[in-house]
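Residue numbering restarts at 1 for every chain, and letters A, B, ... go by the order of the sequence lines. This is a predicted model, so every value here is computed, not measured.
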2 protein chains.
Amino acid sequence: MEQKYEMLCLKNQICFPLYACSREIIKQYRPFLEALDLTYTQYIAMMVIWEERCLNVKELGKRLYLDSGTLTPVLKSLEAKGYLLRRRSKEDERVLLVELTPEGAALRDKAVNVPMQMAACSRLTPEEAQTLYRLLYKILGRTPGEE
Amino acid sequence: MEQKYEMLCLKNQICFPLYACSREIIKQYRPFLEALDLTYTQYIAMMVIWEERCLNVKELGKRLYLDSGTLTPVLKSLEAKGYLLRRRSKEDERVLLVELTPEGAALRDKAVNVPMQMAACSRLTPEEAQTLYRLLYKILGRTPGEE
DNA sequence: TTAAATTATTTTGTATCCAATTTAATTATA
DNA sequence: TATAATTAAATTGGATACAAAATAATTTAA
């Protein structure tokens, strides 16, 4: 290939394997999450909601790097399954609060083994996973707990 | 948080930052790709087609980790823009060949600076990027050229 | 103090993704 | 050689993603 096109190859891209890996791993989640009747997006949303019990859409979106355009249908679906309640804040009617239900809390016990099951599929050593984790959060520009 | 839920937190997931990073970087591509009237998916498809000049949907899908359900509309859209031709193979009518047009080849010269522009946005050192690259392809289980 | 600006969420429209089904062509086999 | 099995794409249906516009509530500022 001509020199000037060298950088424009799939094999010289860093974003492409990131994109491919992300989708491949999410595909691996499928059988485990299907048993919980959750999609991956619903699963990571529930993960934050399990931790926080109650938070608003903006906060949730910041944690997940998703905007309300994506979250609105996801949260409506989780509400329809009975795992959370959506209600407007009393102090500020613009704010929508998302609150864990007892059914949602019960789901956490059913989900508790998913991380271990997924770890068993990993092709990386714990050290490699740790390195990857650090690099990914360097790209994201903030650590999970931050802000 | 209770010990038993410890692994079920966003901050202890490896897939989540992968998923978030992938989307964040694809978002960074947008202004550069908009100038070419391409989406990210169209861009990586063109990248393979620029290299191969002519290949079939199955081969393209293997390179991109995408199936024909995703590729069919992407390729129709690229054909509509005039960057490629879709035609059935003479030897096997089931196979759809995707062939670069002169317009598609010309687009390559307009895209040639995108990788450099994106590299300028990177928060990683070249060494870190190299490490990340290696780990991602370890997860994918095959190197870019392989198979 | 009320009109303008801002903010949080929803809606809309477009483009993926992907599982599952369908269609059409080819190959294998009884 | 008919028929079954396989294969490559396309289609269908459901769930994201996300930009842009719309809606509604709150805050700012002239």
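At least one side-chain nitrogen or oxygen of Asn56(B) sits closer than 4.0 Å to the OP1 or OP2 atom of dA9(D).
Legend: residues meeting side-chain contact (heavy atoms from CB on, under 4.5 Å) with Glu93(B), ordered by chain and number and at least two apart, are Arg88(B). Legend: residues meeting ring-ring contact (aromatic ring centres under 6.0 Å, His included) with Phe32(A), ordered by chain and number and at least two apart, are absent.
Between the P atom of dA9(D) and the CD atom of Glu79(B) lies a distance of 14 Å, rounded to the nearest Å. Atom pair Glu59(B):CD and dA9(D):C1' shows a separation of 14 Å (rounding to whole Å applied). Between the NZ atom of Lys58(B) and the C1' atom of dT26(C) there is a distance of 14 Å, given to the nearest Å. One atom, CG of Leu75(B), and another, P of dA8(D), lie 16 Å apart when rounded to the nearest Å. The distance between atom CZ of Arg88(B) and atom C1' of dT7(D), rounded to the nearest whole Å, is 12 Å. Straight-line distance from the CG atom of Leu33(B) to the C1' atom of dT16(C): 15 Å, rounded to whole Å. Atom OH of Tyr29(B) is separated from atom C1' of dA15(C) by 18 Å (rounded to the nearest Å). dA8(D) atom C1' lies 12 Å from atom CG of Leu97(B), rounded to whole Å.
Expressed to the nearest 0.5 Å, how far CD of Glu51(B) lies from CG of Leu100(B) amounts to 12.0 Å.
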Pull out every protein N or O sitting under 3.5 Å from an N or O of nucleotides 24-27 of chain D, one pair per line with the distance.
| residue | atom | partner | partner atom | Å |
| --- | --- | --- | --- | --- |
| dT26(D) | OP1 | Glu93(A) | N | 3.2 |

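Of the nucleotides present, dT1(C) is the one that pairs with dA30(D) by Watson-Crick or G-U wobble criteria, both distances under 3.5 Å.
Judged by the 6.0 Å and 45° rule, Arg30(B) forms no cation-pi pair with Tyr40(B).
With a 6.0 Å radius and a threshold of 12 heavy atoms from other residues, nucleotides or ligands, Lys58(A) has its NZ atom at or below the threshold.
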* To do: Going 5' to 3' through nucleotides 11-22 of chain D, assign each nucleotide B (protein heavy atom under 4.0 Å from a base atom), S (under 4.0 Å only from sugar-phosphate atoms) or - (no protein heavy atom that close).
  => B---SSBBS---
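Pairs of residues two or more places apart, or lying in two chains, never qualify as ring-ring contact (aromatic ring centres under 6.0 Å, His included) while including a residue from residues 48-84 of chain A.
When hydrophobic side chains of Ile, Leu, Val, Met, Phe, Trp and Tyr are connected at separations under 4.5 Å, Leu97(B) ends up clustered with Val95(B).
In this structure, Leu10(A) and Met47(B) approach most closely via the heavy-atom pair N-SD, 3.5 Å. Nearest heavy-atom pair, Met46(B) versus Leu78(B), reported as atom, atom and distance to 0.1 Å: SD-CD1, 3.9 Å.
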